[in-house]
Structure formats: structure tokens, C-alpha cells
Amino acid sequence: MSVLDAPVTAAAPAPPATGLTPTFVRLKLTLLRNGLRQSSGRKAAFIASLVFALLVAAGQVLALVLLRGNANAGTVVVLLTAVVALGWAVLPLFFPSGDDTLDPTRLVMLPLRPEPLVRALLVSSMIGIGPLFTLCLVVGSVIALAHGAAGTVFAVLAVPLTMLLCVALSRAVTTANVRLLNSRKGRDLAVLSGLVIAVGIQFVNFGAQRLGEAGGLSTLEPVADVARWLPGASAIAAVDAASRGSYGVAAAQLLVTVAALGALVWLWQRGLVKLMTAPDGSTLAAAAPAREESGRTGLSGLLPEGRTATVVHRSLLYIARDPKTKAAWVTALAIGAIVPLINALQGTGSIYFACFAAGMLGMQMYNQFGQDTSAFWMVALTISSTRDAYVELRARALALLLITLPYTVVVCVATAALLGSWQALPGVLGISFALLGAMLGIGALASALFPYSIPQEGAFKNVAPGQGGLAWISILGGMLAAPVLAGPVIVLTVWLHLADLHAALWLVVPAGAVYGALLGWAGLRVAAPRTANRLPEILSAVSKG
């Protein structure tokens, strides 16, 4: 039982001279600084991520400032703010992040009261690239809408309220889902809910595209009128209303934000107390002993005995049982099919959008050793030569191919059927095979050169603190390099189209398959000696979480 809500008595020790909030702020800064000190690569990755975020934020602020005085400024800014608030609620569940100061399970044994703890976590959550990016967008939004003294007053109030609301929303959602994702069945349900959210975002995206095509920004005004009264955007909408002289409406919209913020903080505090004091069924002993499973089943059972079959079987078990690996695969499978198929259903897409499926699944080859976490030391003990490393990486790539190859073919054929573009199907398949082979090879090399830890104790942390920028650069760099490596097959396909040699497009299928296999083989060959030589560094990196 935690002492979180233990009553204060006369015998309680005197409070420290330094408040809890400054302590958490210093802790956040210390964790960030120490994470950057671990290697120059992480420091460079963090600086690059910060510069990129600031450049994008500067561009957004400039665009919002230029929007000042436009008739549709209120519509654009309100919808933008609503999307940002939605992102704060959803994105931390799916994208790499890590912050030990925001993990309430680490604070169970500390003598902390709920109210000071919530305040300290709320303030410390304001430190980071994400909050800085959001602050730039919020400031740009109020600049675009604020006119006159009343608009300026409401703008000064709207900026901190919107920032606090976004952070409180994110923390309340994550705290409410910790127990869910910490149980076996709950993790599976969370994967399903994450898939529903990811699919919903895609439908919203395509719906917005159709609205824009139908009549420009004016068609979005009904949606903006609803969003003005939603807590995520109501404070910014109050600035617009006050600038237009609707002071009663502005006050009501600001009160919506204040009420929502209070409700979120209360729910967050209530969730913290429950999380840190209530017993967790997952920590209780099982009623019956776990059933021992032995032997290889499924696709891996068709392979001959040896290291390859063992690694394939282990990789497939990770996909089926590890919640974070499963979530990554489910998301990749869903988004890889949604993008080309929905575009095809709209009648505005191209069959070549089906190549997106190969790209999404090829990303699963990145950070292969990170999914092993600290258990990678058992794998490292079996690698004593470049040959061992090559067989290990080859088997992991084979496990991915058992799923990605048939899936890629199905998505390409389904897209061709919806669009009626059967003539272009061979070109899409060839490019997809080449792209998949390139990403497998690059992913193997990235796994050896840029490994990072995937913490297991935090349901919402996919990268250890200080490694987020490294993870993003590794993945984004590979995504940019893969189309370049697959360029010869892409050029061949384009040339056959331009030369009106459509009957010869079937040649792209074997060409893409062979070229993709060569790219994958070359990547494995290059990655194998680096893996064998960097085993201590890899083990240290993937064990940080």
C-alpha cells in the first residue's frame, strides 16, 4: 500500500525547504542532460530533432501571422488547435517517448501527497521539444486572431490555459491506461483501441481532403463552429470571439476551457491515487501454473532444425505475444492497407500508393535487437563470429518476409482491383519488392549501428530517455535511403510507361524481386561484421530501459 494519501500527523517530518515542483523540474532537466552525456550521437540526434522542430514551428508561426486579417483565419486556427489537442491525447501512446519523471509507478514508495504531485508533474511536463513546438503554434494562433484590447487580454489568458489543457489531457489519458496496458488481456485490447484510433485519424484526414476539394476553407466552417466549443480549441476561439466584440461568447468559451482543465486535473489526480494505492491483479500469483510450451509450431515448424528456425520462431512469438511488438505490427498492417485502399475507393488515388504497404512493414526491421531488451545478452552469448551474426540477422529478416511478402501482394492486388489498373500491377509489385528488400538491408545495418532500448515497465514508452532523437533519425534516414536504393527498379518502371511498353511491365516483377533480394543480402552482409564487433555497445544500448 502506497503512502500517497496517508494522513498527515503531528509526527510527520517537516516539509523540505525546496518545493516539490522545483525538484521535479530539476529532475527532468537532469535526466535530459545525463541522457545527452551518454554519447555524442545522442546529443547530435537531440540537437537535430530540436532544430527540425523549431524550423517547422517557425514556419507554422510565420504562416499563422500571415493569416492575420484573413476572413477564414478563425476557421483555420480553431481547427489547428483542436488537432494539436487531439495529438496530445493520442500521439504519446504510439510514438517514441520516454520520461521517468512522468511514470507514476516509480513514485509509489515516496511520501507524496496527490495535489503537490499533480502540480509538480504538470509543470515538469512543460519541458521538452513537444511542449515547445505546441507553445509556438499556440502563440502564432493568438497572434493571428487577437485584435484590440479585449482580444489581447483573452489571448494572454488563452495561451497558458491551452498549454495546461494539452498537458493535463495527455497525462490523464496515459495514467488512465497504465493498468489496462500492464495486463495481458488489457494490452491486447489497447492494441485494438490503438488501431481504431489510427484508422479513425486516417478517415478524418481523407475527409478533410474531400472537404477542401469540395469548396475550400469555407466548407470547413460548420466543423469549426463545433470545434469552437470543444475544450481543446475553445480558449483560442474565445480570442476570436473577443476580437469580434462577442464578449459573452468569448467568456463562455474560456470558461469551457477552465472547466475542462479542472475536470482533467481532478481525473488525473484520482487516477494517480487509484494507480498508486489499489492492488494490481497482474501482480498476484496465478491461480494455476503456466502451461509449458515446447517445440516449434506454425510456419517456423516447416524450417529445418538449427539457428535459423529458432530465431524465426522467437521472432514470430514476439509478434504474437509482446504487446509493444504486436502494437507496432498491427499499426503497420492497418495503415499500410488503409492509405492505398481508401485512396482507391475515393477514385483519386494511384495504384502506386500500394508501395506504402511495403514501406510500413519494412520499418519493422529497424531496431531488431531493441525488442529483445536486456534479454539480448542471451542472444549475444550465441554470437561469436560474423557468420553467427549474419545467420541471426538473416533469420530475423526471414521472419518478417513470411508476413510482409504475402501481405504486400494482397494489398497490391486489392488496390489494382479497386482501381481497375491491372496493367500497372506488375510495376507496383516489382517496386514493392525492391523497396522491401532495401528496407530489410538498411534496417539490419541500422539495428547494428543505432540500437536503442524499448523500456518494458512503461506502457507508453517506446524509447529510453535520451534516445528518442536517435530513434527518429535512424528510422527517417532509412525511409529516405530506401527509395534511393530502389531507384533502378523505379526508373525501369517509369521508362516502360513512358515508352508505351506496357506489355513488358511483367519483367519488373522478377527484376524487382531479384534486385530486392540482392539489396537485402548486401545489407545483411554489411551489418553482420558490425553486429559481431559491436555486441557490447549494442547490449549496453538496448539494456538502458
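Just so it is clear, the values below take in all heavy atoms, side chains as well, and ignore hydrogens, waters and symmetry mates.
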What residues, two or more places apart in sequence or in another chain, satisfy side-chain hydrogen bond (donor to acceptor under 3.5 Å, both in side chains) together with Arg387? none

List for me each residue that meets side-chain hydrogen bond (donor to acceptor under 3.5 Å, both in side chains) alongside Tyr352, sequence neighbours excluded, and say none if there are none. His497

Apply side chain to side chain contact (heavy atoms under 4.5 Å, CB included) to Val51 and Leu55, showing your working. CA-CA 6 Å; Val51 171; Leu55 289 176; 4.0 Å; yes

Go through it in stages, so that I can follow the logic: the residues are Thr415 and Phe353, the test is side chain to side chain contact (heavy atoms under 4.5 Å, CB included), and I'd like the CA-CA distance, side-chain angles, deciding distance and then a yes or no. CA-CA 8 Å; Thr415 306; Phe353 281 6; 5.8 Å; no

Do Leu436 and Leu401 come within less than 4.5 Å of each other through their side chains, counting heavy atoms only? yes

Check: Thr382 and Asp388 side chains under 4.5 Å, non-hydrogen atoms: no

Consider only side-chain N and O atoms of Arg396 and Ser447, and report whether a donor and an acceptor are under 3.5 Å apart. no

Residue pair Leu27, Ser124: steps toward the side chain to side chain contact (heavy atoms under 4.5 Å, CB included) verdict: CA-CA 9 Å; Leu27 176 61; Ser124 63; over 6 Å; no

Gln368/Leu400 under side chain to side chain contact (heavy atoms under 4.5 Å, CB included): CA gap, chis, key distance, verdict: CA-CA 11 Å; Gln368 277 293 301; Leu400 267 66; 4.1 Å; yes

With a 6.0 Å cut-off (strictly less than), is the heavy-atom count around OH of Tyr318, excluding the residue itself, greater than 12? yes

Is it true that, when you exclude Trp422 itself, more than 12 heavy atoms of the residues, nucleotides or ligands shown sit nearer than 6.0 Å to its CH2? yes

Would you say the side-chain atoms of Arg394 pair up with the backbone N or O of Thr308, donor to acceptor, closer than 3.5 Å? no

